[in-house]
Amino acid sequence: MGSGQSIHGQWSSRLTFILAATGSAVGLGNIWRFPYVAGENGGGAFVLVYLLCVLVIGLPIIMAEILVGRRGRRNPMDSIRVLALAEGRSPHWQWAGLLGVLTGTLILSFYAMIGGWTLAYLAEAARGAFVDITPAAAERMLGDLLADPWTMLFWHSVFMGLVTAVSVRGVEGGLDRAAQLLTPGLLLILLAMVGYGLSTGDVGRAAHFLFAPDFSRLDGEAVLAAMGQAFFSLSLGMGAIMIYGSYLRSDTSIPGSSLAIVAMDTAVALVAGLAFFPVVFANGLDPAEGPGLVFVTLPLALGQMPFGSGFAVAFFLMLAVAAWTSAISLMEPAVAWLVERRALSRLRAGLIAAGAIWALGILSILSLNLWSGYTIAGRTAFEALDYLTNNILLPLGGMAVAVFAGWTLSRAVTADELDAAAPAYSAWRLLVRYVSPLAVGVVLVGKLLGG
Ligand code: PFF
């Protein structure tokens, strides 16, 4: 253990690991979800709490996930099992790993549907459909898409095809190369957009909205939303970062890489907000518009701007690429699990996982139209899946990893993997043993009680 290699291979360099993990973290969560959740929760104060959560929950747990993966060198279930056994502890810890594999599968089933929307919008942007579009027409465009299961199924299938094409090529030929090509591309388009947003929109108001805290808007719900957002955005709690850690070379610094990934993810969320809210404010749109913010208001805003079509293509291209690199990581725990546990080839494992996820995605697609009348506890299938994974399974998984790394693994093992200076290591251990599990407990109980 530790010095060996995963049977799936390893990242070609420290930089590719950081790019791959950043590609996983930066996704729909940053660009589509962060701005609207910040908008709904009043902006500045929410952003402040979010940053605090990233530091005291996100950073310690990302280090815990990477170290467990690298030490175990297997899929999340078996990494946890071999490490527990090596410590003379119960192998039942492995169920936390299996839970992660299942959570990723569930999340990807609806994440891919939304990834499909980004492709559909990319196609619309490319044919100039947003030019001079009216608010009613923008609403209708999204409404038409959601009412049309065949079109959604088509784009959902294309999206899953893109994910599978990378995944079946394995770590070195697929994930590693995708990270090298796609993540820098994504960051470049984003930078270009910021430049455009800064030069055309109402930046002053956007910065004020994002950074001037108004604590009167900060209630318990907003704090919970900020914590949940930190989990989802950093890809924590389901083994995605853990499996990426299992492909990491032994001589790479975990604290240093974790800092880089967390900093990039946070910067992209803030930069997306800075690029995005100027457009919202310059056009007099409502920042608390909700999940439709990207898919309704942006085509509207972009359609009114000079060169809006080019900007719209760049925007939805970036969103699609961001979703793609995240989706690859959502599927990886399941693929690695199938290869190791079922002795399947990577190709077969990838096709089976993708097929199952694709089929499950049909449930979410139909829940927006033909089956919208069928609900579980008042939620459609899509809403129920989203609620179950984000509000329950990710926090549970994250808490399990924190407790496992903080209490089950011995000090000798974690200190050896983290190789950090004494004060930094002590701070990590304090956070991962007490602060993160407690904070996550608050999220979980709060969400469950609050509905
Ligand atoms: N972090 C991704 C995003 O912000 O869109 C979503 C995600 C990817 C969540 C991978 C969980 C995960 F394991």
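Hydrogens, waters and symmetry mates are skipped; everything else that's a heavy atom, side chains included, is used. Order of appearance sets the numbers: ligands from 1, and atoms from 1 within every ligand.
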Donor-acceptor under 3.5 Å (W337 side chain, V101 main chain): no
Side-chain donor-acceptor pair present, T380, W371, cut-off under 3.5 Å: no
Distance from atom 9 (C) of ligand 1 to nearest protein heavy atom, with residue and atom: F232 O, 3.4 Å
Worked verdict on N30 versus D265 for side-chain hydrogen bond (donor to acceptor under 3.5 Å, both in side chains): CA-CA 8 Å; N30 302 62; D265 186 65; 2.8 Å; yes
Under 4.0 Å to a heavy atom of N30 - the qualifying atoms of ligand 1, by number: 4 (O)
Sub-4.0 Å heavy-atom approach of Y111 to ligand 1: yes
Atoms of ligand 1 close to L28 [distance to a heavy atom under 4.0 angstrom, numbered from 1]: 5 (O)
Flag, side chain of S246 to backbone of R73, donor-acceptor distance under 3.5 Å: no
Any N or O of L234 closer than 3.5 Å to N or O of ligand 1: no
Enumerated ligand 1 atoms positioned under 4.0 Å from heavy atoms of S329: 10 (C)
No-hydrogen, no-angle side-chain donor-acceptor test under 3.5 Å, T183 and T22: no
Ion pair check, D386 and R379, cut-off under 4.0 Å: no
Nearest option to atom 2 (C) of ligand 1, as decided by whichever heavy atom of A269, S24, G29 sits closest: S24
Min N/O separation L236 to ligand 1 under 3.5 Å: no
For A240, atoms of ligand 1 separated by under 4.0 Å from a heavy atom: 13 (F)
Contact with ligand 1 for G104, non-hydrogen, under 4.0 angstrom: no
S13 and T16: side chain donor to acceptor below 3.5 Å: yes
Whether I107 lies under 4.0 Å from ligand 1, heavy atom: no
M238 side chain near L394 side chain, heavy-atom distance below 4.5 Å: yes
S235-ligand 1 polar pair, N/O distance under 3.5 Å: yes
Closest heavy-atom pair and its distance - T252, R70: O-NH1, 2.8 Å
Any N/O pair M238/ligand 1 closer than 3.5 Å: no
Atom indices of ligand 1, in the order listed, that fall short of 4.0 Å to a heavy atom of L330: 8 (C), 10 (C), 11 (C), 12 (C), 13 (F)
Ring geometry between F34 and Y50 (parallel below 30°, tilted from 30 to 60°, perpendicular above 60°): tilted
Where ligand 1 meets A25 - atom numbers and elements under 4.0 angstrom, heavy-atom basis: 1 (N), 2 (C), 3 (C), 4 (O)
